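Please read these numbers as outputs of a predicted model, since none were measured by experiment. Just so you know, ligand 1 is whichever comes first in the structure, and atom 1 is the first atom listed for that ligand.
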Amino acid sequence: MKRRSFIKAGIAALAGLKKGEYIYLGVGGALGAAAVGGALMTPSLTRKVKNDYSRARSVKSVCLNCSSVCGIEGFVIDDRVVKIRGNPQDPNMGSHMTCAKGQSGPTINDYPERLVYPLKRAGRRGEGLWQRISWDEAYDEIAARIQKSIDAGHPERVVLHAGRSRINTEIKRFLGAIGSPVQLNHRSLCSSSKRGANYVSLGDTDWESIDAERCRYFLNFGSNFYEAHQGGLHLVKRVVKARFDHGATLVTFDVRLSNTAGRSDEWFAPFPGTESAVALAMAHVIMREGEFDREFVEHFVNLSATEITDFLKDYTPEWAATESGLEASDIERVALDFARARPTAVAFTNRGTGSHYNGMNAERAVVMLNALVGSVGRPGGYCYGMEEKLRAERYPQPEPIPPKPAVRTDLEDPPEWPLANRWQKMKVGQMVYEYIRQGRATVDVYLSYTISSPMNWPEGRTTTVGVLKDESLIPFHVCSDVVYSEMAHYADMILPDATYLERWGLETRSSPELRHFVTLRQPMVPPPGEARSYADVLFDIGRRLGPEQARYFEFGDHEAFVRHQCRHIPAGDEADSFEWMKRHGSFVDDVPKSYEVHRRLLSERDLLGVRIDDDSGVIHQRDNKGQEQAIGLMIDEGGAPRAVRGFGTPSRRFEIYSREVAEVAREQGIHHDGLPGYLPVPAHVGLPEDRFILTSFKWNVHTQGRTANQKYLTEIVHDNPMWINPHTAERLGIVSGDLVELTTYRPLSSDRGDRAFRGTGEPIGSQQVRVVVTEGIHPRVVAISNSLGYVVSGRAAMARQGPRAQEAALGHKAYGPAPERDDLRDHLWWDKRLGGRGNGVNVNALQPINPEPLIGNQAWFDTVCSLRRVQGQSV
Ligand SMILES: Nc1nc2c(c(=O)[nH]1)N[C@H]1C(S)=C(S)[C@@H](COP(=O)(O)OP(=O)(O)OC[C@H]3O[C@@H](n4cnc5c(=O)[nH]c(N)nc54)[C@H](O)[C@@H]3O)O[C@H]1N2
Ligand SMILES: Nc1nc2c(c(=O)[nH]1)N[C@H]1C(S)=C(S)[C@@H](COP(=O)(O)OP(=O)(O)OC[C@H]3O[C@@H](n4cnc5c(=O)[nH]c(N)nc54)[C@H](O)[C@@H]3O)O[C@H]1N2
Ligand code: SF4
Ligand SMILES: [Mo]
């Protein structure tokens, strides 16, 4: 082919690409570097030179190698970030510590295969042929396409799909200016069950803030917070302190011996998806033995002690033992130990409990345990009330602010999952591609940012890629990324982003210190080449739209935007809050810790013109639209009536029974009485002997689709064999290192009307995987970690070592003298061609789209599978 002569090949050549030049970035082998030559088999060791920190500039900022967004301090020498440590002024971290991922972050800044120029697709979509273009060309085309949708009266056909963006306000402004409500996310793949359960029960928050340092008993249902968890590092630090300081007990339920389970006082491996049975039985024991907090239940729970006992009547430990496979005596003992540690006892969850067909119910059952033992809001208990959002009153945006778009579409407001957007916009991200495929939404422009759905979505390599490749379904896809990813591979245009260490932003998250705080993200170094922060890109595009849109972006660049947001932050003696934030990195509210928010007294002003319901004691007030709203609760403490705030629920009490859930379920024809009862996973009922449950999990050194290109992390974990129990291995006649064929199946809908998406139970696909045999997994479960198994990426993620193409050395200063700095050339010892293990498998190729009913959380950990020995194959 003639054009080959001027087409460059391999990601490594990206940096040296000249304007107008083409590059080929194909799938699999074509992407990796050239063949491994003899010289590369004996890697030369590069000499390590110590950094001279006396020359280093310190910059406070925020990590984003995972969702914990820890405050950090970077050290910069000659425009390179040479070291990261924790910022002790960040209340969550409170020390110089970070995790391994935090340490590795800067490697992505001067990664030899960074995206540094805008690229435009030159071949077929997904073929991997790209042409370097200018930002002007990119902006012109994007703005023209968006303007066309606006002019056609269909701004909602401009869709922005972001993962962990951390620039929500900026994105909202951009879409608001256009008039599109379609801001999609990944919440249903992550945590919508948990968030929904907290909103239903407490009404005040989507995320608890455990007062871990003071807690004496931790009952952990399916969180791997020693390795993962949102804010895991902040939690583990305090749990470890509580265990050392006052011998706090940690009990973990996980189907797998995670690093958290392994470091717990006790580990129980229930059958997958049976946590609610265990939690309900514990509640049964607590009520039966009278080991509950009478005062809290009487004043603050929306069912009486008798009603609770009655609803729990049949959920005995013996019954739960049959469902979960645990011992009834263990359930009983743990329940009583937990309750007797009250109120410094906390039951909490994460994805092990939430990512099931019955996830939201199971989460509610666990959260309820805190209400029974009265630990809600107490020192050492299950605290809450720390808003994670950057409220506009405190962090104002530059005026004018675009109005909220008035249209709705199925994409961002999926009618089959009516709870998905009830409390916050969680949407149902895994249905997006399916809806587009079904023609339920028309898309003109698809903007993707910080997501990699081919890697991280169920049916990633089938439904997702099928839709991403189809130009009749998605006519124009613009992907922003920092490295060439599987998402970028299916775009029409790739925009090189600044990394989280090269851009601005304002951050907040819930805090175990129970005080609101904000942290400033600021660039430690400028981005390389022509890379540009996505917020600036959105603002630039906004200014190229018509005057109606452009007027929302007159304030300037992202730095100016963030400066504006900082204006109300108190800066002590200093005149400028922004400058203060730049120096300190973090601001913490100087207020008492937010314990027992529900007991706060209402003021006389609050009580003007209210109506108090005689039966319930609920205090109502009319809002400015004339609608009655519940604002508080009358409680009678020792004969003295007091008007308190209560919880943010409709009944102003902790809701064990939820009328809202019952009503919504009824409208959907779903069997649900509004209580957090036990719903067996339909596909698991009567599971045949030769079927297993496939689970997936996160490693301490990887974050989904973010870290495989960070060589120091991938060096530690680059391979993900499937964990199987010795019983299973014996039955199949296999040992560690053998290959098996793994086949997965779709979920099932049940006879009694429990609906599963495409609930047919039919096979999805098969893949050969290597096994590792371990006692550390439930006999009916097999587990493969996610984050690995790339088919399109750079050398570290692909486990393909080799030279960086010569052209790259012509590139940008960030690359330095190529041979010394390019660690990917000859140190990827896990390259299969060198006898290594390679780069693992992508478990999501075999996962079905499986949103739980009502809220739509992906039931990741329910997937039924079968295993077949592959004869004579062992690695
Ligand atoms: N290192 C690291 N940290 C991260 C991330 C990361 O990718 N890597 N990602 C961040 C994000 S986005 C999230 S959402 C959080 C997630 O944080 P976690 O929820 O703590 O971690 P996961 O690995 O998603 O799932 C937790 C555990 O659930 C277990 N499990 C599976 N099925 C069951 C079951 O039926 N019952 C029980 N009891 N347990 C089960 C798995 O074995 C696993 O150990 O971590 C955040 N922090
Ligand atoms: N099997 C299985 N799959 C899972 C899970 C599981 O437990 N099991 N967990 C799920 C969970 S909890 C979540 S939250 C989702 C997350 O899935 P995603 O939303 O896809 O999130 P990430 O992996 O964080 O982001 C992926 C993309 O962001 C890009 N990126 C990283 N930094 C930047 C940046 O600074 N700028 C830009 N523009 N791009 C950047 C990366 O290169 C990558 O292409 O995955 C889910 N997938
Ligand atoms: S836990 Fe580690 S990777 Fe995640 S934000 Fe904190 S330091 Fe960064
Ligand atoms: Mo997540």
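In summary, of the residues considered (Tyr446, Tyr449, Tyr490), a ring-ring contact (aromatic ring centres under 6.0 Å, His included) with His477 occurs for Tyr446 alone.
Atoms of ligand 2 lying under 4.0 Å from any heavy atom of Ala498, numbered from 1 in the order shown and given with element: 35 (O). Which parts of ligand 1 touch Phe861 is read off a 4.0 Å heavy-atom cut-off, strictly below it: atoms 31 (C), 32 (N). Close approach to Gly163 involves these atoms of ligand 2, each under 4.0 Å from a residue heavy atom: 19 (O). If you number the atoms of ligand 1 from 1 as listed, the ones under 4.0 Å from a heavy atom of Gly273 come out as 35 (O). Ligand-side atoms of ligand 1 in range of His356: 33 (C), 34 (C), 35 (O), range being under 4.0 angstrom from any heavy atom. The distance from ligand 1 to the heavy atoms of Ser223 drops below 4.0 Å at these ligand atoms: 20 (O). The ligand atoms of ligand 1 that sit less than 4.0 angstrom from a heavy atom of Ser67 are 10 (C), 11 (C), 12 (S), 46 (C). Contact atoms of ligand 2 toward Ser480: 37 (C), 38 (N), 39 (N) (distance under 4.0 Å to a heavy atom of the residue). Atoms of ligand 1 lying under 4.0 Å from at least one heavy atom of Cys190, given by number and element, are 14 (S). Which parts of ligand 1 touch Trp699 is read off a 4.0 Å heavy-atom cut-off, strictly below it: atoms 1 (N), 2 (C), 8 (N). Atoms of ligand 1 found under 4.0 Å from any heavy atom of Arg164, numbered from 1 in the order shown, are 12 (S).
Separation of atoms CD1 (Ile171) and CD (Gln183) is listed at 5.5 Å; rounding is to 0.5 Å. To the nearest 0.5 Å, atoms CG (Leu495) and CD1 (Ile541) are separated by 6.5 Å. One distance of note links CH2 of Trp723 with CD1 of Ile777; it measures 6.5 Å at 0.5 Å rounding. Here OG1 of Thr450 is found 6.0 Å from CZ of Arg706. Values are rounded to the nearest 0.5 Å.
Residue contacts with ligand 2, taken as heavy atom pairs separated by less than 4.0 Å, involve Ser452 via backbone and side-chain atoms alike. By the criterion of a heavy-atom distance under 4.0 Å, neither the backbone nor the side chain of Phe697 is placed next to ligand 2. By the criterion of a heavy-atom distance under 4.0 Å, the side chain of Val483, and not its backbone, is placed next to ligand 2. Using a 4.0 Å cut-off between heavy atoms, Ser696 contacts ligand 2 through its side chain alone, with no backbone atom that close.
Taking atom 23 (O) of ligand 1 as the reference point, the nearest protein heavy-atom neighbour is Lys698 N, 3.1 Å. Counting protein heavy atoms only, atom 21 (O) of ligand 1 is closest to Ala228 CB, 3.7 Å. The protein heavy-atom contact nearest to atom 38 (N) of ligand 1 is Glu275 OE2, 2.8 Å. Looking at atom 26 (C) of ligand 1, its nearest protein heavy atom turns out to be Gly222 O, 3.4 Å. With respect to atom 35 (O) of ligand 2, the closest heavy atom belonging to the protein is Arg503 NH1, 2.8 Å. Of the protein's heavy atoms, His186 ND1, 2.6 Å lies nearest to atom 19 (O) of ligand 2. Nearest protein heavy-atom contact of atom 5 (C) of ligand 2 is Asn786 ND2, 3.4 Å. From the protein, the heavy atom lying nearest to atom 17 (O) of ligand 2 is Asn456 ND2, 3.1 Å. Here the heavy atom of the protein found nearest to atom 2 (C) of ligand 1 is His702 O, 3.4 Å. Closest to atom 45 (O) of ligand 2 among all protein heavy atoms lies Gln704 CG, 3.4 Å. Of the protein's non-hydrogen atoms, the one nearest atom 43 (C) of ligand 2 is Gly705 O, 3.3 Å. Protein heavy atom in closest approach to atom 29 (C) of ligand 2: Asp481 OD1, 3.2 Å. The protein atom (non-hydrogen) at minimum distance from atom 14 (S) of ligand 1 is Gln230 NE2, 2.7 Å. Among protein heavy atoms, atom 33 (C) of ligand 1 sits closest to Gly352 O, 3.4 Å. Nearest to atom 1 (N) of ligand 2 among the protein's heavy atoms is Asn844 OD1, 2.5 Å. Closest protein heavy atom to atom 27 (C) of ligand 1: Asp254 OD2, 3.5 Å.
Polar contact check, Arg706 against ligand 2: a nitrogen or oxygen pair lies under 3.5 Å apart. The distance criterion of under 3.5 Å between nitrogen or oxygen atoms is not met by Tyr449 with respect to ligand 2. The distance criterion of under 3.5 Å between nitrogen or oxygen atoms is not met by Ser453 with respect to ligand 2. Ligand 1 has no nitrogen or oxygen under 3.5 angstrom from a nitrogen or oxygen of Ser258. The N/O atoms of Asp497, backbone and side chain alike, include one that comes under 3.5 Å of an N/O atom in ligand 2. Checking only distances, Leu189 never comes within under 3.5 Å of ligand 2, N or O to N or O. Checking only distances, Thr353 never comes within under 3.5 Å of ligand 1, N or O to N or O. In terms of polar-atom proximity, defined here as any N/O pair under 3.5 Å, Phe253 does make such a contact with ligand 1.
Note on ring orientation: taking the six-membered ring where Trp is involved, the planes of Phe253 and Phe221 are parallel (angle under 30°, cut-offs 30° and 60°). Ring geometry, Tyr139 versus Trp135: the interplanar angle falls from 30° to 60°, so the pair is classed tilted.
The heavy atom nearest to atom 32 (N) of ligand 1, out of those in Thr707, Ile693, Thr695, is found in Thr695. One option in Val482, Val537, Asn842, Val843 has a heavy atom closer to atom 34 (C) of ligand 2 than any other, and that option is Val482. Nearest-residue assignment for atom 25 (O) of ligand 1 (options Arg351, Arg187, His778; heavy-atom criterion): Arg351.
Using a 4.0 Å cut-off between charged side-chain N and carboxylate O, Glu507 and Arg166 make a salt bridge. Look at Glu502 and Arg532 and you find no salt bridge, because none of the NZ, NE, NH1 or NH2 atoms lies under 4.0 Å from a carboxylate O.
Formation of a donor-acceptor pair under 3.5 Å by the Arg114 side chain with backbone atoms of Asn109 is found in this model. Asp90 contributes a side-chain N or O that, together with a main-chain N or O of Gly71, makes up a donor-acceptor pair within less than 3.5 Å.
Taking the ring axis of Phe271 as reference, the NZ or CZ atom of Arg780 does not stay both within 45° of it and closer than 6.0 Å to the ring centre. In this structure, Arg256 satisfies the cation-pi test against Phe697, with its NZ or CZ atom closer than 6.0 Å to the six-membered ring centre and inside 45 degrees of the ring normal.
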Item to check | Verdict with supporting geometry, Trp130 and Tyr484, side chain to side chain donor-acceptor pair (under 3.5 Å) | outcome: CA-CA 12 Å; Trp130 300 95; Tyr484 193 70; 2.9 Å; yes
Checklist entry - For Met487 and Ser453, what are the C-alpha separation, side-chain angles and deciding distance, and is it a side-chain contact (heavy atoms from CB on, under 4.5 Å)? => result CA-CA 7 Å; Met487 197 67 179; Ser453 38; 3.3 Å; yes
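A pairwise comparison of heavy atoms in Ser104 and Asn65 identifies OG-ND2, 4.3 Å as the closest pair.
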